[in-house]
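First comes the structure, then the notes that go with it.
Here is the naming used below: chain letters follow the sequence lines, and residue numbers restart at 1 for every chain.
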Number of protein chains: 2
Amino acid sequence: MAPPASDSRPTLKTIAFMTGLGITTVSRALKNAPDIGAETKERVRLVATQVGYHPNRAGVRLRTGKTNVISLILSLEEEIIGLTSPMVVGISEILASTQYHLVITPYSVGSDPLDPVRYVLDTGAADGVIISRTEPKDPRVALMMERNFPFGTHGRTEMGLVHPYHDFDNERFAYDAVRRLVERGRRRIMLLHPPPYLTYHMHMRAGFERGLQDFGATAVPFNNVDLDNSLADIREACEAAMRAKDAPDGVISGSGAGAVALVAGIEAAGLKLARDVDMVSKQSNDFLQWLRPEVITQREDFRLAGRELAKAVIARIEGRSGSELQTLSFPAPQK
Amino acid sequence: MAPPASDSRPTLKTIAFMTGLGITTVSRALKNAPDIGAETKERVRLVATQVGYHPNRAGVRLRTGKTNVISLILSLEEEIIGLTSPMVVGISEILASTQYHLVITPYSVGSDPLDPVRYVLDTGAADGVIISRTEPKDPRVALMMERNFPFGTHGRTEMGLVHPYHDFDNERFAYDAVRRLVERGRRRIMLLHPPPYLTYHMHMRAGFERGLQDFGATAVPFNNVDLDNSLADIREACEAAMRAKDAPDGVISGSGAGAVALVAGIEAAGLKLARDVDMVSKQSNDFLQWLRPEVITQREDFRLAGRELAKAVIARIEGRSGSELQTLSFPAPQK
DNA sequence: CTTTACAACTGTATCGTTACAGATTTTGAA
DNA sequence: TTCAAAATCTGTAACGATACAGTTGTAAAG
């Protein structure tokens with residue numbers, strides 16, 4: 001057999017030449033196949049690490065169809081990416097000890113969220129996909145289930161389809177938030193909720209309503225804005241609500257960014273946190289705690305979400321059933 | 001020629017069969033090669049779009065060595081990823097209209113920043129790389145230059161090597177910041193600077209010193225902490241500085257997160273922004289403006305940085321010289 | 001001394017693409 | 001009419017890996 005070119009990266013051929021074995025043998029030795037002798041395996045492994053052998057991804061992918069890629073599908077809206085970035089950390093932490101690479105598949109604001117999913121499915125760009133902003137009847141989930149393609153969702157669906165997900169218990173969050181406000185003597189409570197088409201809108205509202213019932217408070221309507229509105233819109237709506245008669249004395253925010261706008265609205269109306277109004281907010285970074293420690297915060301751990309979703313998708317790729325791969329993280333009071 | 005399997009994705013073979021042409025002809029027609037007839041090209045293109053043909057990336061990669069991948073090398077520290085995430089948006093915006101995919105190559109806190117670069121170089125995982133946290137004598141830059149591998153850096157180097165970069169003019173930022181503080185009657189100025197081993201530390205300090213000279217102010221030493229310290233450490237150091245004699249009456253922060261901690265330190269010392277102390281800060285999101293509008297802010301556009309770097313790396317891959325691919329963005333006063 | 005069984009190893013074909021070196025047909029000049 | 005030059009088109013090999021169907025050689029069983 002001719003010696004392989006020495007200037008480029010080592011391949012199976014390189015190792016085969018160096019050990020005097022066949023290419024197939026080397027390949028099988030490195031995968032620890034049962035029909036290769038123990039001593040041979042040892043020799044092959046030694047040479048492989050010596051020369052710094054890494055299997056050529058294109059070769060593997062072409063032959064086996066396995067891409068060794070997980071795709072994170074991201075909306076490019078700034079607001080959202082801010083939340084999602086700790087997820088990248090969590091996903092990377094898990095993928096680091098595997099063969100998988102993380103590729104970011106974006107979709108732009110105006111375009112169909114199905115597009116990136118279709119792209120991955122049609123081109124076979126990845127072995128598995130992670131999506132967020134999950135809807136109750138999510139067409140992306142329907143499509144991937146139909147094609148039996150491994151994926152995980154950040155958030156749950158309501159379609160009677162069983163699939164891997166990770167979710168934060170927003171029902172519990174809102175319920176606890178009401179309790180905390182009532183404990184501080186607040187009775188008229190306003191909720192800045194997620195956009196109605198996302199699944200966790202229902203969860204958060206359900207927890208909110210249940211809390212109102214159980215703890216004896218009433219809701220102040222706040223339906224003109226949601227977490228997808230601009231901070232300026234939220235601030236303005238909040239200020240108006242605070243100036244109206246029957247203004248709320250307790251506010252719950254579904255995100256840290258929303259809370260910032262709400263605080264601005266409250267203060268623009270001449271009111272003071274903790275004195276006139278109490279507020280409970282989910283937060284993803286610590287800014288809020290530093291600048292308005294009066295706000296009661298609850299951390300949602302997006303990094304954990306990334307880790308759980310990465311583990312779930314890999315397990316799904318390896319054939320585990322969707323029903324074993326569903327996790328929920330519970331809010332723990334923060335202070 | 002046998003018809004290709006109809007259940008899977010269309011390949012050149014599929015189109016060759018449908019058009020009755022050879023595989024080579026189809027390949028060359030789709031690349032608009034000069035030795036293919038105009039009518040043939042038209043037919044091939046028509047059929048290709050009809051069946052939804054996408055070239056198989058593994059095939060191309062194996063044959064040509066081109067990965068069509070840009071790798072963004074990211075530190076997984078939460079603080080840093082928070083800043084870097086808008087860069088992902090900018091990069092994606094540019095890559096969207098190309099064949100390139102974006103893969104995130106992480107490195108963990110304790111490990112050698114050279115590791116991910118070596119990985120990409122050794123495995124040929126990408127056609128180009130984007131790095132940040134650039135140092136004056138950056139070993140990653142040296143390595144990639146030596147191997148003649150396309151890359152772009154967020155931040156400049158000081159090694160006499162010409163390579164693509166995008167940078168924010170931190171010298172100008174600090175200079176202007178001093179001017180603004182002096183305009184408000186402040187004379188004793190403290191700077192929360194980046195860690196000393198990053199290149200932009202020099203730039204920011206240089207602008208700071210020059211501003212002090214030109215506008216007649218003095219520096220209050222603040223060398224125990226930098227932007228890489230925890231917010232708690234920064235807050236504490238700031239409070240101590242504010243309580244010391246000859247306390248500063250002006251503060252400059254190299255990042256929005258740092259500013260939050262500084263504000264907390266100032267207020268913990270019983271001082272009030274705008275009244276006792278003025279502050280100028282770079283910011284990446286709007287929180288600071290909402291909660292402490294007294295802070296004078298200057299936006300650094302990381303999304304723009306992502307766009308510029310993506311364009312630069314692609315141009316470098318296409319053979320353009322590094323010297324044409326260096327851009328600097330200038331701070332524009334924000335309000 | 002066969003035959004069978006098993007352990008250990010190997011060659012060939014193939015995934016989808018493109019570089020390269022032809023092959024075929026058409027055109028046009030002599 | 002002939003033949004070189006264009007204009008089009010095509011088969012083969014190769015990139016690196018693996019599935020599959022062998023091929024050895026040795027040891028146990030008959």
Side-chain angles (χ1 to χ4, degrees), chain A residues 1-45 47-48 51-68 99 122-125 127, chain B residues 1-44 48 51-68 99 122-125 127:
Chain A
M1 182 159 49
S6 61
D7 55 335
S8 61
R9 302 173 40 206
T11 69
L12 290 180
K13 204 167 169 182
T14 316
I15 301 175
F17 181 74
M18 292 176 75
T19 53
L21 295 164
I23 293 177
T24 302
T25 311
V26 174
S27 172
R28 297 187 55 68
L30 288 172
K31 325 195 107 53
N32 200 26
D35 63 349
I36 306 293
E39 193 218 356
T40 304
K41 283 179 187 171
E42 203 44 62
R43 251 176 65 226
V44 168
R45 275 196 278 261
V47 174
V51 300
Y53 170 75
H54 295 275
N56 181 303
R57 304 192 124 232
V60 175
R61 182 165 170 175
L62 184 55
R63 181 63 238 244
T64 66
K66 185 126 202 284
T67 63
N68 285 304
Q99 282 302 302
D122 290 350
T123 64
D127 296 334
Chain B
M1 183 159 53
S6 61
D7 55 336
S8 61
R9 300 174 42 206
T11 70
L12 290 179
K13 203 168 171 180
T14 316
I15 302 174
F17 181 75
M18 292 176 75
T19 54
L21 294 164
I23 292 177
T24 302
T25 310
V26 174
S27 172
R28 297 186 56 67
L30 288 172
K31 321 196 111 53
N32 199 27
D35 64 346
I36 305 293
E39 193 217 357
T40 304
K41 284 180 187 169
E42 203 44 63
R43 252 177 64 225
V44 169
V51 300
Y53 171 75
H54 295 275
N56 180 305
R57 305 193 122 229
V60 175
R61 182 165 171 175
L62 183 56
R63 179 65 239 244
T64 66
K66 184 125 202 286
T67 63
N68 285 305
Q99 284 300 304
D122 290 351
T123 64
D127 296 334

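Within the model, atoms CZ of Arg61(A) and CZ of Arg61(B) stand 7.0 Å from one another, a figure rounded to the nearest 0.5 Å. With values rounded to the nearest 0.5 angstrom, Ile36(A) atom CD1 is found 9.0 Å from Thr24(A) atom OG1. Rounded to the nearest 0.5 Å, atoms CZ (Arg43(A)) and CD1 (Ile15(A)) are 12.0 Å apart. We find the CG-CG distance between Leu21(A) and Leu12(A) to be 11.5 Å, quoted to the nearest 0.5 Å.
In this entry the distance linking CZ of Arg63(B) with P of dA17(D) reads 16 Å, nearest Å. Residue Asn68(A) contributes atom CG, which lies 14 Å from atom C1' of dT18(D) at whole-angstrom precision. When rounded to the nearest whole Å, the span between CD1 of Ile15(A) and P of dG16(D) equals 13 Å. Atom-to-atom, CG of Asn32(A) to P of dT18(D) comes out at 14 Å; the value is rounded to the nearest Å. Ile23(B) places its CD1 atom 13 Å from the C1' atom of dA13(D), with the value rounded to the nearest Å. With rounding to whole Å, Arg9(A) atom CZ is found 14 Å from dC15(D) atom P. The CZ-P distance, from Arg61(A) to dA19(D), rounds to 17 Å in whole Å.
When heavy atoms are screened at a 4.0 angstrom cut-off, Thr24(B) is found touching base atoms of the nucleic acid.
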Restricting both atoms to N or O, compile the protein contacts to nucleotides 7-9 of chain D shorter than 3.5 Å, with distance only.
residue	atom	partner	partner atom	Å
dC9(D)	OP1	Thr40(B)	OG1	2.8
dC9(D)	OP2	Gly37(B)	N	2.9
dC9(D)	OP2	Thr40(B)	OG1	3.1
dC9(D)	N4	Asp35(B)	OD2	3.2

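Remark: Ser27(A) is in phosphate contact with dT18(D), judged by side-chain N or O atoms under 4.0 Å from OP1 or OP2. Listed pair Lys31(A) / dT18(D) meets the phosphate criterion, a side-chain N or O lying under 4.0 Å from OP1 or OP2.
Taking every nucleotide of DNA chain C with any atom under 4.0 Å from a non-hydrogen atom of chain B, the first and last of them, 5' to 3', are dG16(C) to dC20(C).
Here the closest non-hydrogen pair linking Arg9(A) and His54(A) is NH2-O, 3.5 Å. The two residues Ala58(A) and Leu62(B) come nearest to each other via the heavy atoms CB-N, 3.7 Å.
Within the structure, salt bridge (charged side-chain N to carboxylate O under 4.0 Å, His left out) contacts touching residues 32-41 of chain B (residues at least two apart or in different chains) are Arg28(B)-Asp35(B).
Asn32(A) is listed as a side-chain neighbour of Arg45(A), based on a closest heavy-atom distance under 4.5 Å. By the 4.5 Å heavy-atom criterion applied to side chains, Val47(A) and Tyr53(A) are not counted as neighbours.
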